[in-house]
There are 2 protein chains.
Amino acid sequence: MSLTDISRVRRFSRAVTTETGALDQSFLGRGRPLGVARVLNAIGHGRGDVADLRLYLGLDSGQLSRILRGLEEEGLITTETAEEDARRRVAVLTGKGSAEFAEYEALSNANANSLLSRHPDPDKLLEAMDFIASALTRDRITIELADPESPHANWCLDRYFDEVNRLFKQGFERAKTCDPQAPAMRPPVGAFLLALSDGLPIGCVALKGTDQGYAEVKRLWIAPSARGLGLSKRMMQETEREARRLGIGTLRLDTNEQMPAAIALYEKTGWARIERFNDDPYPTHFFEKKLT
Amino acid sequence: MSLTDISRVRRFSRAVTTETGALDQSFLGRGRPLGVARVLNAIGHGRGDVADLRLYLGLDSGQLSRILRGLEEEGLITTETAEEDARRRVAVLTGKGSAEFAEYEALSNANANSLLSRHPDPDKLLEAMDFIASALTRDRITIELADPESPHANWCLDRYFDEVNRLFKQGFERAKTCDPQAPAMRPPVGAFLLALSDGLPIGCVALKGTDQGYAEVKRLWIAPSARGLGLSKRMMQETEREARRLGIGTLRLDTNEQMPAAIALYEKTGWARIERFNDDPYPTHFFEKKLT
DNA sequence: ACATCTGTCTGACCTTTGTCAGGGAATTTC
DNA sequence: GAAATTCCCTGACAAAGGTCAGACAGATGT
């Protein structure tokens, strides 16, 4: 790695710490020290569990305990013992606490908004941010089962169709293809998987159950910002695992010659070329994989 | 601005603070509090002036004074009164201090390096980082006079020629064009300007003096990561100001039809199309501007 | 039933950071 | 040359962050 490259990284990190340092400042606008504000925000984001908080914020048990007591005295939270284990405690926002949390959220949003609107090309800035965030949190991307009609799923599918439409010379109409119905992508016949990075969806894949002895893999999509991280391979592995769990023995999929990266992936991971098995006008290549 | 966009910005900022938080941790590996380490590093980077330090690090005068005394007791720095103003003090690294500073630099470099080498496509990551760093530090981009043969200038010029070569279908050979000689780009006949963002060069422009009653604007280049920020306009304004300072009354420039953005800029900022005034094979458009 | 482990809380203590008023020396202004 | 200003230092104090040993209650294993 050349020295210039390193100084580019360091310039980035200086720029970002200066900026996000200013972002931290916004937390101070409400007369509460940073540590306390961070704890309040973490609780607001659903991390009420004390042990979880300690881990997440890297705080000493004594320190966290004091901060929690302080918040309790302010009337912003209450603490209850957890049901499943009476040693553990869980912090919960009171009404006043929720209002205060909302104020912090508004501050954060306003900050993000002003950062974005100061830039002449916000879309490009967002793309670069997504790319970097995906790169940095790569080790923390999770793949989870989701409902095919949930907002996150729809967000991904919309992007998928947009992209396919742009890619195919002849265009792509959702009505003409065999778009799987939601029930076929739900257990026990099928599944829908989302890749989440820090809570935001960055990829999806569907497993569509059929009554013909096989299931189809469809709608594999990875956000542009998350490509090149080996995520599609992970998604496919998870899909196979899910298929096994559902007792499915044979997987099929179709794809188009204009997606060479996808085709290469399938060929590298044990999929076999087969004859056309449907009359969808868009796909040109057909694959099958037996699960053992 | 949509809520999704805002959550994308916030995801970025969380990802980055987690990562650069870990980077700050590295400063703690040497048994010194963060504030002290920051001061030592700033001094190592040439910011020895006490008033400058205070401004740069945002420290209270009392606090900085205490930190400096601490570093002095450790034998890492000495402070001297400035020559030009005996009230001001300047901190200088001792031999031991330089060694310590070098250790911090090595830590930082190793950190940046590991971040980069963990990524499958470091070049793309660097580009995204440059883009964001330029966007965030936009208000702090400075334009300075530089020597046309300095390393920074050469770095920019190399990139300029690379890019022109890629842009022109017929290619571009530095030998065939009228490449101005360095002395023509130095005062008192000409100038060479660099755009610096946090010390790194991100653009250049040359003012080439001639003995024919006008000067030529040449080699206007902005790093891809810094485009769209209105920087070329600022560079051209600075060039005109510099020309006035040198007593130049007429500016000329040539450009190529394959650079529509540049042509649009010239037309919008008071340049007039004129006849070809040289026999350089590459340019297709010629402009002139009278300075009043 | 007993010992052991786990999760949280408390109190004590220290370091670091943040803030402010005032003093002394050098410089600038009039 | 006197007054005002600028720059750095000092001392005092408060707030916040960090660390640790021990107490207590609940969970777990034998």
Side-chain angles (χ1 to χ4, degrees), chain A residues 17-18 21-22 24-43 47-74 76-92 104, chain B residues 17-18 21-22 24-43 47-74 76-92 104:
Chain A
T17 40
T18 312
D24 278 350
Q25 297 289 324
S26 77
F27 276 178
L28 300 175
R30 302 195 60 74
R32 221 168 259 116
L34 185 61
V36 179
R38 290 212 309 156
V39 169
L40 184 62
N41 276 283
I43 295 172
R47 296 179 177 270
D49 190 286
V50 174
D52 186 23
L53 273 174
R54 233 181 14 235
L55 198 71
Y56 179 63
L57 298 174
L59 291 171
D60 172 78
S61 103
Q63 202 170 340
L64 178 57
S65 176
R66 243 172 299 143
I67 290 175
L68 288 177
R69 230 176 325 132
L71 286 171
E72 220 165 356
E73 275 170 30
E74 268 196 90
L76 299 177
I77 62 166
T78 56
T79 57
E80 324 169 337
T81 56
E83 297 135 23
E84 66 294 357
D85 182 342
R87 287 171 306 181
R88 309 191 74 135
R89 312 216 73 192
V90 182
V92 186
Y104 277 107
Chain B
T17 39
T18 311
D24 277 351
Q25 297 291 322
S26 77
F27 275 178
L28 300 176
R30 301 195 59 76
R32 222 167 257 118
L34 186 60
V36 178
R38 290 211 310 155
V39 170
L40 183 63
N41 277 283
I43 296 172
R47 296 179 178 271
D49 191 288
V50 174
D52 186 24
L53 272 175
R54 233 183 11 237
L55 199 72
Y56 179 64
L57 298 174
L59 290 170
D60 172 80
S61 103
Q63 200 170 341
L64 178 56
S65 177
R66 244 173 298 141
I67 290 174
L68 288 176
R69 232 177 322 134
L71 286 171
E72 221 165 354
E73 274 170 30
E74 268 196 271
L76 299 176
I77 62 166
T78 57
T79 55
E80 324 169 338
T81 56
E83 297 137 23
E84 68 291 358
D85 182 341
R87 287 172 306 181
R88 310 191 72 135
R89 311 216 74 193
V90 181
V92 186
Y104 277 107

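These numbers were taken from a predicted model, which means no experiment stands behind them. Each chain gets a letter, A, B and so on, in the order its sequence line appears, and its residues count up from 1.
- Note that the CG atom of A/L57 and the CG atom of A/D52 stand 9.0 Å from one another [nearest 0.5 Å].
- In the interface, the side chain of A/R66 is paired with the base of D/dT19 through a donor and an acceptor atom under 3.5 Å apart.
- Taking 4.0 angstrom as the limit, B/R89 places a side-chain polar atom (N or O) nearer than this to OP1 or OP2 of D/dC9.
- One distance of note links OG1 of B/T79 with CZ of B/R88; it measures 14.5 Å at 0.5 Å rounding.
- Counting to the nearest Å, the C1' atom of C/dT6 and the CG atom of A/D52 are 16 Å from each other.
- Across the protein-nucleic acid pair, A/L34 atom CG and D/dA15 atom P stand 18 Å apart, rounded to whole Å.
- For A/L68 and C/dG7, the CG to C1' distance is 13 Å, given to the nearest whole Å.
- For B/L55 and D/dT6, the CG to C1' distance is 15 Å, given to the nearest whole Å.
- In this structure, the separation between CG on A/L64 and CZ on A/R69 is 10.5 Å, given to the nearest 0.5 Å.
- Out of D/dC8, C/dT17, C/dT8, the shortest distance to the side chain of B/R54 is found at D/dC8.
- Rounded to whole Å, the distance from CZ on A/R88 to C1' on D/dA27 is 12 Å.
- Between A/E80 atom CD and C/dT8 atom P the separation is 14 Å, expressed in whole Å.
- Across the protein-nucleic acid pair, B/D60 atom CG and C/dA21 atom C1' stand 11 Å apart, rounded to whole Å.
- Using a 4.5 Å cut-off on side-chain heavy atoms (C-beta onward), A/I43 and A/L76 make no contact.
- Note: CD (B/E72) to P (D/dT10) measures 9 Å, nearest angstrom.
- Residue B/D49 has its side chain nearest to D/dC8 when only C/dT10, D/dC8, C/dT8 are considered.
- The base of D/dC7 lies outside donor-acceptor range of the side chain of B/S61, with no N or O pair under 3.5 Å.
- A/L59 places a side-chain heavy atom less than 4.5 Å from the side chain of A/V39.
- Residue A/R69 is classed as a sugar-phosphate contact, given heavy-atom separations below 4.0 Å to backbone atoms only.
- Of the candidate nucleotides C/dC9, C/dT8, D/dG17, C/dC9 has the atom lying nearest to any side-chain atom of A/S65.
- If you check C/dG18, C/dT17, C/dC9 against the side chain of B/L59, the one that comes closest is C/dG18.
- Proximity of A/Q63 to the phosphate of D/dG17: no side-chain N or O atom is located under 4.0 Å from OP1 or OP2.
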